[in-house]
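Here is the structure we will look at.
Worth saying up front: this structure is predicted, and the values here are computed from it rather than measured. Each chain gets a letter, A, B and so on, in the order its sequence line appears, and its residues count up from 1.
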There are 2 protein chains.
Amino acid sequence: MVSGETVIMEPKRQVGQGCCTPIRPRLEDEAARDAANLLKALAEPARLQILDILVQRGGLVCVCDFEGVVGTPDPKTGQRPKQPTISHHLKVLREAGLVGYEKQGLWAYYFVHRERLADVQAVLALLT
Amino acid sequence: MVSGETVIMEPKRQVGQGCCTPIRPRLEDEAARDAANLLKALAEPARLQILDILVQRGGLVCVCDFEGVVGTPDPKTGQRPKQPTISHHLKVLREAGLVGYEKQGLWAYYFVHRERLADVQAVLALLT
DNA sequence: ACTATGCATTGACGAACATCGATATAAAGC
DNA sequence: GCTTTATATCGATGTTCGTCAATGCATAGT
């Protein structure tokens with residue numbers, strides 16, 4: 001980091017009176033909470049791969065397509081997450097508004113809500 | 001959902017032989033894991049607000065600036081997270097490569113690693 | 001009616017996380 | 001030296017999360 005060299009023009013900060021001018025994030029508490037919840041829904045390998053497949057397919061995908069295909073393989077058994085786990089991840093994505101689904105007979109067909117993905121990108125664009 | 005109406009061109013899926021053609025996510029396991037770890041580092045209101053302030057300031061910000069300013073207020077006490085918690089969040093952001101810092105005397109000045117934020121946006125762009 | 005299938009939900013478990021108070025470290029000023 | 005200040009780290013606690021086996025619930029096929 002070349003810390004011996006860096007010169008910050010930072011003049012006169014008296015210890016004990018607070019070193020900096022007060023500041024508030026532009027991101028208000030509620031907006032930060034909402035954004036964090038969206039990001040939390042995304043922050044899982046299995047869920048990212050589910051979304052990837054949904055986008056790749058560009059349409060409706062039934063749940064059985066995800067089984068044995070997404071999620072990190074168990075280091076011991078080499079097995080990927082099973083059906084109840086997939087269903088759980090899909091529920092998380094649903095509740096975050098990132099995907100929707102239709103029931104057709106025995107199958108459930110999922111699709112992406114692209115607007116919601118755009119919301120995430122909008123938040124990240126704020127930090128650029 | 002209009003589920004009575006939706007017509008999917010659904011040709012002949014025999015129950016029991018798997019309903020769909022096999023598919024793999026373009027997002028490989030390791031890439032998915034890395035992306036998820038980055039998103040996990042972002043998926044916290046306090047950390048989003050920290051990054052927001054860092055970007056807003058456009059330069060070096062010392063830790064004390066974040067105290068009492070970022071993070072969700074405790075519903076009971078109305079208090080925001082205290083110094084050890086802020087320090088913890090900064091460590092998480094550091095380890096994710098999202099921020100860096102320089103030590104100047106008593107103070108630690110943090111700054112954003114914009115390239116890393118770009119990495120996150122690149123992953124999300126894949127899903128669009 | 002009976003069986004098999006696709007999917008959701010429940011309950012349990014361990015791992016990971018956010019937060020805190022207390023303590024440690026390290027530099028500045030006396 | 002000692003004290004104060006800014007930050008990091010440690011240990012404990014309560015909560016959230018990912019995963020599974022078991023179960024429930026429709027629907028399809030016989």
Side chain of [X] (C-beta onward), nearest among [options]:
| X | options | answer |
| --- | --- | --- |
| B/Val63 | D/dC20, C/dA27, D/dA8 | D/dA8 |
| B/Leu106 | D/dT7, D/dT5, C/dC20 | D/dT5 |
| A/Tyr101 | D/dC20, C/dA8, C/dA22 | C/dA8 |
| B/Glu44 | C/dT19, D/dT7, D/dG18 | C/dT19 |
| B/Trp107 | D/dA6, C/dT9, D/dT19 | D/dA6 |

Round to a whole Å and report the spacing from [atom1] of [X] to [atom2] of [N].
| X | N | atom1 | atom2 | value |
| --- | --- | --- | --- | --- |
| A/Gln79 | D/dG18 | CD | C1' | 17 Å |
| B/Asp65 | D/dT7 | CG | C1' | 14 Å |
| A/Ile86 | C/dC7 | CD1 | P | 11 Å |
| A/Leu90 | D/dC17 | CG | P | 17 Å |
| A/Lys40 | C/dC17 | NZ | P | 11 Å |
| A/His88 | D/dT16 | NE2 | P | 14 Å |
| B/Asp74 | C/dA18 | CG | P | 16 Å |
| B/Lys82 | D/dT9 | NZ | C1' | 18 Å |

N or O in side chain of [X] less than 4.0 angstrom from [N] OP1/OP2:
| X | N | answer |
| --- | --- | --- |
| A/Arg94 | C/dA8 | yes |
| B/Thr85 | C/dA18 | no |
| B/Arg80 | C/dT19 | no |
| A/His89 | D/dT19 | yes |
| A/Tyr110 | C/dA8 | yes |
| B/Ser87 | D/dA8 | yes |

Check [Y] with [X], please: is the shortest side-chain N to carboxylate O separation under 4.0 Å?
| X | Y | result |
| --- | --- | --- |
| A/Arg80 | B/Asp29 | yes |
| B/Asp119 | B/Arg114 | no |
| A/Arg57 | A/Asp65 | yes |

message: Is it true that, when you exclude B/Glu115 itself, more than 12 heavy atoms of the residues, nucleotides or ligands shown sit nearer than 6.0 Å to its CD?
response: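 Correct, the count exceeds 12.
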* Do B/Leu60 and B/Leu54 come close enough that some side-chain heavy atom pair is under 4.5 Å? ->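 The answer is no, as the side chains (C-beta and beyond) never meet within the 4.5 Å cut-off.
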Contact class for [X] (heavy atom, under 4.0 Å): base, sugar-phosphate, or nothing?
| X | answer |
| --- | --- |
| A/Gln83 | base |
| A/Pro81 | sugar-phosphate |
| A/Phe66 | nothing |

Q. Taking for each residue the nucleotide of DNA chain D with the nearest heavy atom, is it A/Ala46 or A/Gly105 whose nucleotide lies nearer the 5' end?
A.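 Counting from the 5' end, the first nearest nucleotide belongs to A/Ala46.
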(message) By nearest heavy atom, map B/Thr72 and A/Ala108 onto DNA chain C; which one lands nearer the 5' end?
(response)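 So the residue in question is A/Ala108.
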* **SG-OH distance between A/Cys62 and A/Tyr110, expressed to the nearest 0.5 angstrom** =>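 Rounded to the nearest 0.5 Å, the SG-OH separation comes to 11.0 Å.
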